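We count residues from 1, following the sequence as given. Values below: all heavy atoms of this structure, side chains included; hydrogens, waters and symmetry mates excluded. Note that this is a predicted model, so its numbers are computed, not measured.
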Amino acid sequence: MIKVESYQWIGIIQEDNLKENIAFLTPLAFLNDEFQHWEALVWQKAKNCFPNAGKVAWPRGPSGWRPELLYSFRVELAQGHEDRKDSPTYAHYRIAGSPQPSPDGLAQILNWSTIPRERLLARLSEPFIRPCYTKTIYIQHGRQLYGPIPLDSERLRPLAYSNDITEQTLYVNVCELPDDEQAILTFLLDNGRELRLLTIEPAASEQRDWSPPAVIIKQVLTAYHKQPLVKDLDVDQVRRVLKALKHAFSTQPPDTFPLSSETLTRAKALLQAGEQVIKDWQEFSDFLQQLPAVQQQLAAIRKAAHQQAYQEAQEQLRQEMADFRRQQEEAIARELEARFAEQRQQLAEGQRQLDTLVQSLKEASDELELYEDEIINKKKEIEAQKLLLQEEKAQLQAFEAHFRQRLEELRQQPLAALSQVLANHWLLVASAGRGSSRDTGRDMGTGIDTGAAHYHSTEQLWPELARGGSSKFITDASTLLNLATIRQEARPNGIKPEAVRLCIIALLAGLIPTLSGPYALATLEALSRVLSAGRLCRVPIPLTATQPLDLFGQLRATERLFLPAGSLADTVLWAADHPKQLAIIVLEGLDRLPGAPVYVPLLQQYIVMQLSPTSTPTPVPLFHPRALLPDDPYRSLAAFRWPPNLLLTATCDDDLHSLPPPKMTRRWLVHLNPSQLALSLNQQQLNDYQERSEIAAEGWRRWRLTVNQALMSPASSAGNETSASAFSAIIDQLKQTARCFNCPFNENLLNKAAYDLSAEAAASLEEVD
């Protein structure tokens, strides 16, 4: 255990760790003074170094707490509240002095690999979505890093992009992503986000100009013949400068401007965009210049209207003065009558045109209504056809599912009948041949000795164990499920430790890990070196198997001999002689043939043993006991019972000729494809010597009893009853098992496709019924 008061720490404040008068920091890493580098604090060490809550108390005012920052601090023992030292929420340490935000030498890495490379510069001018915990950041795109990029005080954008008036030059280095594990520290926060910190400054291969657009344009304007900067918005002056710069870029060599090629390229693009903006602005300015002429026209029209009103009033005044100006009135009257007649004629013509337009509009409206009715009818016909197609598709899917189910039943019926006929035949042969060979150990026709056979010893079954030396025993479940314990067995074979740990959790839950892919057997071999010191029995399922006996061997009834097909029979006998040690059985290729008559009885008996270890399950009859001699050790296999110290696993070929496992095995098998988690081949064979570990059978039974008690609790039973499918039921069992041993569980490692296909087929079959 390290002495926490002697080191400098970094940590953050989670949102739920902010209280009314106190805050709690979560330590992430400490500075190793001997090697001068930061080391991450794993979850197990955090509970040991900072009991009981794994936090550090910070009694300060609310104004000094910022959850989005990374703090550097030292700790001291907390004083007071000695009566709460055994509470799981009590913090044994508090902040010593004042924490400093974002320590120097650390930079956060933001992964922008999903953003196109040409969009990186535009993305810098936008506010960041995820919070930044340090003063400096690096942008990751693929295997390259761009930085360092200093941030402003608000942590929303780079310092060079923080203000449109005081924009600054920003040069970034292009670096390769370091391969050293100590160079990048990775933390998984409580909110589900990933925090990556760069602890060293990587070597730069080149430098690029990522300055804001205004800085680039100013640099180009200053470099080209010391041209003065455009301060006032003079359109003609800006147009002349842009035209001169475009001409210089197209005719003069690049060395004329004392700038980098990348800066010139960005400047060309910015100048083209600026020229387009100025052109649009000029068009808008021309429109604004035309506004006074439009206003003058409106004023003239308004003046004409007032003049007309004045003339009408004047005419009315003339009519009132008819007695005084009769001669003038007659002339004016004739003139007015002529004008009125012309206006009436124009009004009548306009009325006729208006009636014609109204009639045309009515006819167009009627035609539009007809077209709308036709469109509505067409839509209804299309919807009806869609519904009919959906119904036909659903019926076709239901028929296909029913056809597949019926085909599988018809495929298994001949095999079951053949298995029953062969079993009856062998029993009759054994009964008939017993009287002639009861007292003799030698066949009369061939002279072959039919005495008792002897199964292999431990050294013969697993000769590599004798050469590898002794193994260490693991007595603590937390040590077994720790990735550091599994890594030394998994990494040399190119297997991720998470895959091996998921197999261990499935075995502790009483389920059967079923692996597929090229790394399936390598994962199970690593599993055997962790649990049983490498005692692994591989049982390939033959394509000609029709009954469980074919997995163990052949029975020669005339000679009263049992010929083992592999090491399964010898491993079962070894388990009876070594009840304190564990071994692992692997059934290779569950999807090679219909499993109901071959391996389902063995799987069913194994599951019964896992659910109730103290019960005595019904034995599986492999052959008649009188088919072998009384002193034959294989005679004990006649009524087979699964030994409690043998753990069962399986593999699937997952090819074009694979058959789906029987429906009753869906809640037993945990499907996993470790090829998606495998390391690259150049990381295999890291060392020649691999230390093996072992679990005592008694310790394993004790852990299984703990899991059974947890699964039989009321909360767990309610969760299993509400499970909608076999996959959700298996997920509940695995989560509850991992919770019993305080172990993380990631359901993304499971092969969900194996459960989804079965669920769809079952749903379709229920619809048909």
Side-chain angles (χ1 to χ4, degrees), residues 116 118-119 122 126 233 235-236 239 242 269 272-322 325-400 764 767:
E118 60 273 9
R119 279 278 303 160
E126 303 173 2
L233 188 59
V235 179
D236 296 333
R239 186 183 293 108
L242 293 177
Q272 292 176 359
E275 184 180 4
Q276 182 64 31
V277 172
I278 291 176
K279 182 179 179 181
D280 297 340
W281 184 82
Q282 181 64 32
E283 293 178 358
F284 180 71
S285 178
D286 295 340
F287 171 74
L288 292 179
Q289 291 178 0
Q290 295 175 3
L291 285 180
V294 176
Q295 292 178 354
Q296 291 178 359
Q297 294 178 2
L298 292 177
I301 294 173
R302 187 163 52 250
K303 184 177 180 180
H306 287 298
Q307 184 67 25
Q308 184 178 0
Y310 174 74
Q311 290 178 358
E312 290 178 356
Q314 189 177 10
E315 291 296 333
Q316 185 178 2
L317 182 61
R318 287 195 185 102
Q319 289 178 4
E320 293 177 356
M321 297 175 64
R325 297 180 181 180
R326 185 173 299 161
Q327 294 179 359
Q328 291 83 355
E329 182 181 6
E330 291 178 359
I332 294 174
R334 285 193 299 270
E335 184 179 357
L336 290 176
E337 185 177 358
R339 291 184 179 179
F340 285 155
E342 185 179 356
Q343 291 180 358
R344 290 192 189 96
Q345 185 178 0
Q346 292 178 357
L347 181 61
E349 184 67 23
Q351 185 66 32
R352 286 194 297 271
Q353 293 179 0
L354 180 62
D355 294 340
T356 304
L357 291 176
V358 170
Q359 184 66 24
S360 300
L361 181 62
K362 184 177 180 181
E363 293 176 358
S365 177
D366 295 339
E367 292 180 358
L368 181 61
E369 291 180 357
L370 293 177
Y371 286 138
E372 289 180 352
D373 294 339
E374 292 180 0
I375 292 174
I376 292 174
N377 295 332
K378 290 292 184 180
K379 287 183 178 179
K380 291 182 179 180
E381 292 179 0
I382 293 174
E383 293 294 335
Q385 292 178 358
K386 286 183 179 180
L387 293 176
L388 183 59
L389 291 176
Q390 291 178 357
E391 293 178 359
E392 294 178 354
K393 182 178 180 181
Q395 294 176 0
L396 181 61
Q397 291 178 350
F399 174 75
E400 183 179 0
S764 302
E767 293 177 1

Under the criterion side-chain contact (heavy atoms from CB on, under 4.5 Å), I'd like the reasoning laid out for Ile376 against Lys380: C-alpha separation, chi angles, the key distance, then a yes or no. CA-CA 6 Å; Ile376 292 174; Lys380 291 182 179 180; 3.8 Å; yes
Residues that [X] engages under side-chain hydrogen bond (donor to acceptor under 3.5 Å, both in side chains), provided they are two or more places apart:
X: Arg339; result: Glu335
X: Glu381; result: none
X: Gln353; result: none

[atom1]-[atom2] distance between [X] and [Y], expressed to the nearest 0.5 angstrom:
X: Glu337; Y: Arg344; atom1: CD; atom2: CZ; result: 7.5 Å
X: Lys378; Y: Asp373; atom1: NZ; atom2: CG; result: 13.5 Å
X: Arg334; Y: Ile332; atom1: CZ; atom2: CD1; result: 10.5 Å
X: Gln395; Y: Gln397; atom1: CD; atom2: CD; result: 11.0 Å
X: Leu347; Y: Arg352; atom1: CG; atom2: CZ; result: 10.0 Å
X: Ile382; Y: Leu389; atom1: CD1; atom2: CG; result: 11.5 Å

Answer yes or no: are there more than 12 heavy-atom neighbours, outside Gln327 itself, under 6.0 Å from its atom CD? no
Do other residues, nucleotides or ligands put more than 12 heavy atoms under 6.0 Å from Gln345 CD? no
Can you tell me if Ser365 uses its side chain to pair, donor with acceptor, with the backbone of Leu361 under 3.5 Å? no
How would you list, by chain and number, every residue that makes a salt bridge (charged side-chain N to carboxylate O under 4.0 Å, His left out) with Glu400, sequence neighbours excluded? Arg404
Which residues share a side chain to side chain contact (heavy atoms under 4.5 Å, CB included) with Leu317, sequence neighbours left out: Glu320, Met321
Where at least one partner belongs to residues 304-315, residue pairs that pass side chain to side chain donor-acceptor pair (under 3.5 Å), sequence neighbours excluded: Glu315-Arg318
Set out, in order, the CA-CA distance, both residues' side-chain angles and the distance that settles side-chain contact (heavy atoms from CB on, under 4.5 Å) for Gln359 and Asp355, then state yes or no. CA-CA 6 Å; Gln359 184 66 24; Asp355 294 340; over 6 Å; no
